[in-house]
Amino acid sequence: MEFEPMDQFVVAPISGASGWKTMLLWLEASVIVAQISVVSLGLVAFPLWRMLPRVGLSKWWSLLAAFPPAAIVLIWVAGFRPWKHKE
């Protein structure tokens, strides 16, 4: 049983135009991730902004929605606090 030489599998370093293409691809991917993050933050922070005063907390606590673990804790805290009813 003979093995072929591995010379054909050597990977050349990125250089020239392909390096710029790779960098632009990463830039585009990071912009897309940032856009998704802003949209998802808006989908969580805005409802919290409206809900928190009803349970007696400051609206500014909704900014914690930028950190997913803190947002989950905040939703649970708001869910189990007594709600103020309008009379």
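L52 approaches A78 most closely through the heavy-atom pair CD2-CB, 3.9 Å. Of all heavy-atom pairs spanning S37 and S40, the tightest one is O-OG, 3.0 Å. Here the closest non-hydrogen pair linking A45 and S62 is O-CB, 3.7 Å. Taking both residues in full, the closest heavy atoms of A71 and V44 are given as CB-CG1, 4.4 Å, listed atom of the first, atom of the second, then distance. Nearest heavy atom pair, residue P47 against residue G42, reads CD-O, 3.9 Å.
Residues I75 and F80 do not share a hydrophobic cluster, clusters being chains of Ile/Leu/Val/Met/Phe/Trp/Tyr side chains in contact below 4.5 Å. Both V77 and L64 belong to a single network of hydrophobic side chains, linked directly or stepwise wherever heavy atoms of I, L, V, M, F, W or Y lie under 4.5 Å apart.
Taken from CZ in R54 to NZ in K59, the straight-line distance is 10.0 Å, to the nearest 0.5 Å. For the atom pair L43 CG and L48 CG, the distance stands at 11.5 Å (nearest 0.5 Å).
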- Query: What do the steps show when you test S30 against L27 for side-chain contact (heavy atoms from CB on, under 4.5 Å), and what is the final call?
  - Reply: CA-CA 5 Å; S30 63; L27 179 64; 4.1 Å; yes

- Take W76 and V73, measure what side-chain contact (heavy atoms from CB on, under 4.5 Å) needs, and give me the verdict at the end. CA-CA 5 Å; W76 277 85; V73 169; 5.8 Å; no

- Message: Walk me through whether M51 and W83 qualify under side-chain contact (heavy atoms from CB on, under 4.5 Å).
- Response: CA-CA 9 Å; M51 183 174 62; W83 286 57; 3.4 Å; yes

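Looking at heavy atoms from C-beta onward, W61 lies in side-chain contact with L74 at the 4.5 angstrom threshold.
Environment of CZ in R81: crowded, with over 12 heavy atoms of neighbouring residues, nucleotides or ligands closer than 6.0 Å. For W49, the CH2 atom is densely surrounded, since the number of other residues' heavy atoms within 6.0 Å is greater than 12.
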